Amino acid sequence: MYKGGPSYTSQSAKIIRYAGLLVPIILVLYGLCIQAGLVSSIQYLNDVSFFALAFWLIVLGVIQFLSPSRTKLDSALRLIAYHLLAAGYLLFVFGIATPFAAFWILLLLASNTYFSRDGLNLSILWFVVVVAIDISFWHNISATIVAYDLVTLIAIILSGLVTLSLSLAQEVDHTALSKSKQQESLQRDRVLTIVNNLADAVLSTDMNGVIRVYNAASLNLLDTNDSLNGRYIDDLLKLVDQSDKPVSLFNQFKTAKGAFTRDDLNYVYDDGEEIRLEITYSPIRSSYSRSKKSETHDGYIVIMRDITKSKSLEEERDEFISVISHELRTPITIVEGTISNVQVMMEHPDATHLMLTDAMTMAHDQIVYLAHMVNDLSTLSRAERGVADTPEDIDVRELIHKLHDEYNKEATEKGLHLNLDIDGSLGHVYTSRLYLEEMLQNFITNAIKYTKTGSVTITVKQKLGVMEFTVKDTGIGISKSDQTKIFQKFYRSEDYRTRETTGTGLGLYVATKLAHKAGTKIKFTSRLNHGSKFSFTLPVKAQ
Ligand code: ATP
Ligand code: MG
């Protein structure tokens with residue numbers, strides 16, 4: 001379709017189509033009234049010219065109605081025909097100075113619609129010509145008609161121009177509106193793209209808690225592919241608090257005046273698995289809010305994040321700090337007490353050398369204990385920060401011999417045999433030296449510490465690309481109930497034989513962490529009063 005005037009739309013074409021038929025009918029009906037003598041018109045020429053004009057006017061109206069113009073030329077011809085017939089009608093049927101002249105405004109509008117400013121100018125010009133012809137014809141006969149003609153001319157042109165300006169102004173409004181709609185939809189697409197790419201789950205519900213919009217992360221978090229639209233928030237989000245009591249998010253919404261964040265709620269999956277969520281919810285208050293009152297709103301927005309991991313780490317850290325400070329307090333209090341005792345004793349003439357030595361030994365033991373604990377903690381922190389976890393090529397035979405030399409004296413002093421049982425040809429492993437040494441040292445010191453008679457055996461076997469390290473003792477063993485706890489931090493058996501020795505209860509906890517870092521797991525078997533065996537494996541380094 002060709003492009004017409006500024007306001008050419010399918011809607012205006014439709015209006016013109018109907019007006020093109022309706023107006024001729026009215027004009028012809030009024031003409032018939034004149035012809036029949038019901039209404040008088042001094043400009044009525046004769047029946048022949050009236051019927052000829054009326055016939056063509058109706059024919060044109062019907063054609064225009066049944067087959068709207070398709071080409072620019074077609075529209076131009078039709079407009080010319082309408083203008084000619086309208087001129088004939090005004091001049092020879094009822095004169096210009098009648099209310100029907102106002103229909104010329106429609107011709108002005110139609111000309112503008114199809115041919116813009118040029119069409120409009122031509123239509124005005126033709127009207128001026130028609131009025132001029134009428135005046136030239138009547139100025140000698142009736143001065144009143146001339147005056148009426150001029151007034152009508154001015155009135156029609158003015159009304160036509162005003163109507164046009166109004167429709168143009170509206171057109172501008174339409175353009176601005178559709179532009180702002182485009183902008184809005186672009187803005188909406190932008191926001192949707194951002195929301196869909198967020199790692200956090202974002203949901204929006206209506207005022208009744210029914211989900212209307214959600215992003216891809218919501219499906220991931222809830223572990224589903226089903227559409228969430230139309231689901232009630234509490235049916236979808238089964239939340240429980242820390243004491244496992246169900247919590248209705250919708251009830252929380254209702255009390256929320258602004259954005260509110262909670263991190264104490266758990267989401268329960270259908271299979272019973274729970275994750276900890278950080279949930280932020282807020283009422284939505286748009287500037288186009290349907291409700292006028294400021295305390296009401298259009299629904300709610302919910303932002304959720306899985307914080308299971310960070311929360312458990314945080315809680316673990318808090319617990320760790322509280323246990324450590326408790327564990328440190330005892331030896332520090334003992335050392336502090338003993339040293340102040342020594343100070344008092346030194347000023348007292350009755351204090352013997354033995355008393356002083358005993359007190360100092362006690363203080364020294366506690367300081368050694370503290371040093372041991374600080375050492376374990378530092379290894380733990382280095383492992384957790386990933387310091388010294390660079391793997392290196394380790395000659396296992398060399399390492400085991402070094403450890404044997406280190407602990408043989410201590411074992412012998414206790415009357416124990418520290419045996420070595422290693423394969424003839426041992427390969428290398430590729431791991432952090434610190435981690436491997438720390439693990440083996442922990443097992444060896446424990447084995448020596450918790451064995452009164454018998455032996456401690458360090459075994460290293462290589463099989464199918466795997467190197468297995470084992471430390472076995474014939475010591476006091478570990479009871480079934482203790483076996484579940486010995487890897488917990490600061491846990492020491494209640495067994496009196498354990499309590500005779502000093503220790504922080506951190507050794508095996510640290511060893512587990514290091515094993516995890518080195519990509520292995522600690523296995524152990526033990527029987528009370530018979531002995532224990534701790535082992536782990538590492539891949540043999542390919543030559
Ligand atoms: P630390 O090693 O920090 O000085 P610890 O030896 O008491 O102190 P862990 O090495 O973590 O701490 O051991 C925890 C507990 O497990 C010990 O207190 C002891 O009760 C038990 N245990 C560990 N190894 C053995 C073993 N070889 N034989 C018997 N009991 C053991
Ligand atoms: Mg230990």
Side-chain angles (χ1 to χ4, degrees), residues 316 319-320 323-332 334 364-384 403-404 406-408 410-411 414-419 421 434-459 469-517 521-536:
E316 199 179 324
E319 190 205 334
F320 196 68
V323 175
I324 283 183
S325 41
H326 177 256
E327 292 294 323
L328 285 173
R329 206 175 300 133
T330 320
I332 288 174
I334 297 175
H364 180 255
D365 285 351
Q366 292 302 319
I367 295 286
V368 169
Y369 171 86
L370 279 173
H372 190 79
M373 189 197 283
V374 169
N375 197 38
D376 276 347
L377 289 174
S378 128
T379 312
L380 195 64
S381 123
R382 283 163 79 189
E384 259 161 16
L403 286 172
H404 184 265
E406 213 173 299
Y407 289 101
N408 196 26
E410 194 183 327
K414 246 192 120 179
L416 303 172
H417 291 286
L418 183 59
N419 305 322
D421 175 12
L434 175 87
Y435 295 176
L436 179 58
E437 263 190 42
E438 277 285 335
M439 284 192 283
L440 288 168
Q441 277 173 350
N442 266 310
F443 296 157
I444 298 168
T445 50
N446 278 352
I448 296 173
K449 195 163 32 166
Y450 304 116
T451 305
K452 292 203 159 176
T453 53
S455 63
V456 171
T457 309
I458 308 168
T459 312
F469 299 81
T470 311
V471 177
K472 193 173 165 232
D473 64 61
T474 56
I476 60 174
I478 305 161
S479 71
K480 284 260 179 285
S481 70
D482 278 343
Q483 286 185 14
T484 54
K485 302 175 195 150
I486 54 168
F487 291 100
Q488 293 170 7
K489 53 187 166 296
F490 298 111
Y491 184 80
R492 303 201 73 215
S493 168
E494 292 296 334
D495 189 308
Y496 74 96
R497 291 165 299 180
T498 300
R499 294 295 156 150
E500 278 172 359
T501 65
T502 55
T504 58
L506 275 174
L508 287 180
Y509 175 73
V510 174
T512 331
K513 296 271 172 188
L514 299 179
H516 179 72
K517 285 266 170 183
K521 252 186 160 165
I522 296 169
K523 286 191 210 139
F524 83 101
T525 51
S526 182
R527 245 183 91 198
L528 201 59
N529 302 323
H530 284 80
S532 318
K533 190 173 109 180
F534 287 81
S535 66
F536 62 90

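In listed order, ligands and their atoms are each counted from 1. Note that the structure is predicted; figures quoted are calculated from it, not measured. Along the sequence shown, residues carry numbers from 1. For the numbers below, each heavy atom of this structure counts, side chains included, while hydrogens, waters and symmetry mates do not.
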A quick test of your reading: do over 12 heavy atoms of other residues, nucleotides or ligands sit less than 6.0 Å from CZ of R527? no
Over 12 non-hydrogen atoms of neighbours within 6.0 angstrom of NZ in K517: yes
What I'd like to find out is whether the side chain of I478 reaches to under 4.5 Å of the side chain of Y450, using heavy atoms alone. no
Once you measure the plane-to-plane angle for F534 and F487, does it fall in the parallel (<30°), tilted (30-60°) or perpendicular (>60°) bin? perpendicular
Interfacing atoms of ligand 1 (cut-off 4.0 Å, heavy-atom, G503): 4 (O), 8 (O)
Atoms of ligand 1 close to S493 [distance to a heavy atom under 4.0 angstrom, numbered from 1]: 18 (O), 20 (O)
Taking [atom] as the reference point, the nearest protein heavy atom with its distance:
{"atom": "atom 16 (O) of ligand 1", "result": "I486 CG2, 3.1 Å"}
{"atom": "atom 25 (C) of ligand 1", "result": "Y450 CD1, 3.5 Å"}
{"atom": "atom 3 (O) of ligand 1", "result": "T504 OG1, 2.4 Å"}
{"atom": "atom 12 (O) of ligand 1", "result": "G505 CA, 3.2 Å"}

Has M373 got any heavy atom lying under 4.0 angstrom from an atom of ligand 1? no
Does G475 come within less than 4.0 Å of ligand 1, judged by its heavy atoms? no
Given the rule in the side-chain contact (heavy atoms from CB on, under 4.5 Å) test, do K472 and T459 qualify, once you have shown the distances and angles that lead to the verdict? CA-CA 8 Å; K472 193 173 165 232; T459 312; 5.7 Å; no
Measure from the Mg ion (ligand 2) to each N, O or S atom of T504 and report whether any distance is below 2.8 Å. no
Any donor-acceptor N/O pair, E327 side chain to T504 backbone, under 3.5 Å: no
Under a 3.5 Å distance rule, please check whether S479 uses its side chain to pair with a backbone N or O of L528 as donor and acceptor. no
With heavy atoms under 4.0 Å as the rule, classify the contact between [X] and ligand 1 as side chain, backbone, both or neither.
{"X": "L508", "result": "both"}
{"X": "Y491", "result": "backbone"}
{"X": "D376", "result": "side chain"}
{"X": "T502", "result": "neither"}

Donor + acceptor pair across side chains of T470, S535 (<3.5 Å): no
Could you name the option among T512, N446, D473 that has the heavy atom nearest to atom 24 (N) of ligand 1? N446
Please report the closest heavy-atom contact between R492 and T498, naming both atoms and the distance. NH2-O, 3.5 Å
For K449 and K414, the nearest pair of non-hydrogen atoms, with its separation, is O-NZ, 3.2 Å
So is [X] polar-close to ligand 1, meaning N/O to N/O under 3.5 Å?
{"X": "R492", "result": "yes"}
{"X": "I476", "result": "no"}
{"X": "H372", "result": "yes"}
{"X": "I478", "result": "no"}

Given the options T379, L403, V471, Q441 meets side chain to side chain contact (heavy atoms under 4.5 Å, CB included) only with L403
